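Everything below concerns the one structure shown next.
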Protein chains: 2
Amino acid sequence: MGMADATTARNDRAGIVEAALRILDTHGLGDLTMRRLAAELDVRASALYWHFDSKQVLLAALADRIVRAAEVADDASPAEVALALRDALLAHRDGAEVVLSTQALALGEDAPRRRLAEALARTLPQDDADRGAAILLPFVLGHASLVQQRLQAAELGVVPGDGADAADADFRHGVAVILAGLGAG
Amino acid sequence: MGMADATTARNDRAGIVEAALRILDTHGLGDLTMRRLAAELDVRASALYWHFDSKQVLLAALADRIVRAAEVADDASPAEVALALRDALLAHRDGAEVVLSTQALALGEDAPRRRLAEALARTLPQDDADRGAAILLPFVLGHASLVQQRLQAAELGVVPGDGADAADADFRHGVAVILAGLGAG
DNA sequence: ACCTGAACACCGTTCAAGT
DNA sequence: ACCTGAACACCGTTCAAGT
């Protein structure tokens, strides 16, 4: 005992979140059901409720996982932090929607705002930095959300789909405009 | 014939959307199901599919309805347009989520961005105005979305809930910062 | 500690048929 | 033109019981 062998391998929260991320990437949020997730883990849906109180808290853990991947140097500029966060959201199908929809619920989830505020605080008074983060964060979430929806609509052929390059330039411009407005270098 | 009398009154798209809005306000997006909406109209769920191809297009029509209520003078400033749009989103429970999640799908739904661009174009070259609207819109949607989630989480007692006044000041500050960054008066 | 089995109260959607 | 009835293939969640 101690080490789990292959036949007694059981699930933990991290592993379940990882499986959820796989389903998100391959099939999207609409197909991320408790039953499907359970099947991915060779288990019944009811087993998941031993690990998570509800689907909502599972999704909050998933949002955590997505956002945590936004790695950034300790001395990163505000623009770099915003870019990294945006990239983390766009790295997974429906990533922005998952994070946006659990932002208020996810208890460990003030990290993105804090990282933005930290970066801003290096050139701005703490107060201005906090308010600046409160502008940057909704912009990043809103922008990523709209971009991702457009991509998806384009895949379905609903809409032209003028490419991700335009969206990237757009995003960088937005961050620059907000930083200029804040008087941050 | 011509006029419908009480006993033969049947539903049209506008009336269905109005009923959907009532359910949204009183019970929230989670309870806005086709069956419940049908019950509100004294009809079976399948009847709704004569009027709308799917729940998604019904929600797109609902988003349209919510956004259309953002009335604004023809010569309104960009800040006034942004405020009016924000107010329209917050006027209905889960309004921001409904609009954000159907923004790309809703076919008649470029109106908010166009109104923002128009207002900006009075003090900015058309090109800058268009790019400015592409910054303001995600900020408005993202901010309203986060505010509404926090309100809801506060109602459930999950989180302190520091009031809507702070959120309003926050929003106005954000709009001012973005406009300053754009060099718009 | 972690999972199964079975059930409860639902979903969105389709489609023949009614009026 | 607009709706019913019935069905199909699902949902999230609970809970006793197993190991």
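Note on naming: letters A, B, ... go to the chains in the order of the sequence lines (proteins, then strands), and numbering restarts at 1 for each one. Since we're looking at a predicted model, the values are computed, not measured.
- For the segment residues 15-26 of chain B, the set of residues with a heavy atom within less than 4.0 Å of an atom of DNA chain C is empty.
- The residues B:Arg86 and B:Asp168 are annotated as salt-bridged, a charged nitrogen and a carboxylate oxygen being separated by less than 4.0 angstrom.
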For A:Arg131 and A:Leu182: C-alpha separation, side-chain torsions, deciding distance, then whether side-chain contact (heavy atoms from CB on, under 4.5 Å) applies.
CA-CA 9 Å; A:Arg131 298 171 82 200; A:Leu182 287 169; over 6 Å; no

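- In this structure, the CZ atom of B:Arg44 is 16 Å from the P atom of C:dG12, given to the nearest Å.
- Using a distance-only test at 3.5 Å, with no hydrogens or angles considered, a donor-acceptor pair links the side chain of A:Arg13 to the main chain of A:His51.
- Whole-Å rounding puts the B:Gln56 CD to C:dC11 C1' distance at 15 Å.
- Separating the CZ atom of A:Arg10 from the P atom of C:dC2 is a distance of 8 Å, rounded to the nearest angstrom.
- More than 12 heavy atoms of other residues, nucleotides or ligands sit less than 6.0 Å from atom CG of A:Asp12.
- Other residues, nucleotides and ligands place more than 12 heavy atoms under 6.0 Å from the CD atom of B:Glu18.
- For C:dA1, neither phosphate oxygen OP1 nor OP2 lies less than 4.0 angstrom from any side-chain nitrogen or oxygen of A:His51.
- In this structure, A:Leu29 places its CG atom 14 Å from C1' of D:dC11, rounding to the nearest Å.
- Summarising the geometry of A:Val98 relative to A:Thr102, their closest heavy-atom pair is O-OG1, 2.9 Å, with the distance given to 0.1 Å.
- Using a 4.5 Å cut-off between side-chain heavy atoms of Ile, Leu, Val, Met, Phe, Trp and Tyr, with links allowed through other members, A:Val147 and A:Val67 fall into different hydrophobic clusters.
- Which of C:dG5, C:dG12, D:dC2 sits closest to the side chain of A:Ser46 comes down to C:dG5.
- Counting to the nearest Å, the C1' atom of D:dG12 and the CH2 atom of A:Trp50 are 20 Å from each other.
- For the pair B:Tyr49 OH and C:dG12 P, the interatomic distance rounds to 6 Å; values are reported in whole Å.
- Under the 3.5 Å distance criterion, the side-chain polar atoms of B:Glu40 are left unmatched by any main-chain donor or acceptor of B:Ala19.
- Here A:Asn11 does not reach the OP1 or OP2 of C:dC2: none of its side-chain N or O atoms lies under 4.0 Å away.
- For the segment residues 31-41 of chain A, the set of residues with a heavy atom within less than 4.0 Å of an atom of DNA chain C is empty.
- Stem regions for DNA chain C, each three or more consecutive Watson-Crick or G-U pairs with both distances under 3.5 Å and listed by first number, read C:4-8 with D:12-16, C:12-16 with D:4-8.
- Between A:Leu120 and A:Val81, every side-chain heavy-atom pair lies at or beyond the 4.5 Å cut-off.
- B:Val17 and B:Leu59 fall within the same hydrophobic cluster, defined by Ile, Leu, Val, Met, Phe, Trp and Tyr side-chain heavy atoms under 4.5 Å apart, directly or through other members.
- At a cut-off of 3.5 angstrom, the base of D:dG12 holds no donor-acceptor pair with the side chain of A:Ser54.
- In this structure, B:Leu48 atom CG and D:dC2 atom C1' are separated by 12 Å, rounded to whole Å.
- Proximity of a side-chain donor or acceptor of B:Arg93 to a complementary backbone N or O of B:Gln152 within less than 3.5 Å is not detected.
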